[in-house]
Amino acid sequence: VQLQASGGGLVQAGGSLRLSCVSSKNTFDINYMAWYRQAPGTARELVAGDAVKGRFTFSRDNTKNTVYLQMNSLKPEDTTVYYCAGGRRPIASDAPDEYAYWGQGTQVTVSS
């Protein structure tokens, strides 16, 4: 299984981006997908929770084998590399090693 992430770029604070992640396999076969992000020197973290609540939306289109991350009201602190992740077995925690498949990462830069 290969995951291809895209959609990153440079945007001003308050702007929007939509990240896409295309799977080489039918997404019905990859039951669990998520987005992570990782800044240099830090641990990879799940894109979820209060930091993105109300601003970011996860969605998937199984007809296109694609998942999306719609990011609105972007802030400079959202600047980092974003990764899509996929797995077939139930996810027990937020730990990245719960997921077997990873995209290559796409850079998001939000200017103030």
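Residues: numbered from 1 along the sequence shown.
- When the salt bridge (Lys or Arg N to Asp or Glu O under 4.0 Å) test is applied to R88, no partner is found at least two apart in sequence or on another chain.
- Of the inter-residue distances, the one linking S73 atom OG with F56 atom CZ reads 9.0 Å to the nearest 0.5 angstrom.
- Note on residues 45-58: pairs passing side-chain hydrogen bond (donor to acceptor under 3.5 Å, both in side chains), not counting sequence neighbours, are R37-E45, R55-D78.
- Of all non-hydrogen atoms in S23 and I30, the two that sit nearest each other are OG-CD1, 3.4 Å.
- Side chains of V47 and M71 form no contact here, defined as non-hydrogen atoms less than 4.5 Å apart.
- Inter-residue side-chain proximity for T42 and T80 is flagged as unmet; no heavy-atom pair is nearer than 4.5 Å.
- Applying the disulfide (SG to SG under 2.5 Å) rule to pairs touching residues 31-74 yields nothing, sequence neighbours excluded.
- Atom OG of S59 sits about 11.5 Å away from atom CE of M33, to the nearest 0.5 Å.
- Rounding to the nearest 0.5 angstrom, the gap separating the CD atom in Q107 from the OH atom in Y82 is 9.0 Å.
- Summarising the hydrophobic clusters (Ile, Leu, Val, Met, Phe, Trp, Tyr; side-chain heavy atoms under 4.5 Å, direct or chained), the residues clustered with Y36 are Y32, L46, V81, Y83, I91, Y99, W102.
- In this structure, the side chain to side chain donor-acceptor pair (under 3.5 Å) partners of R44, at least two apart in sequence or on a different chain, are Q38.
- Looking at every heavy atom in both residues, V110 comes nearest to K75 through CB-O, 3.3 Å.
- The stretch residues 1-20 participates, sequence neighbours left out, in these side-chain hydrogen bond (donor to acceptor under 3.5 Å, both in side chains) pairs: S16-N72.
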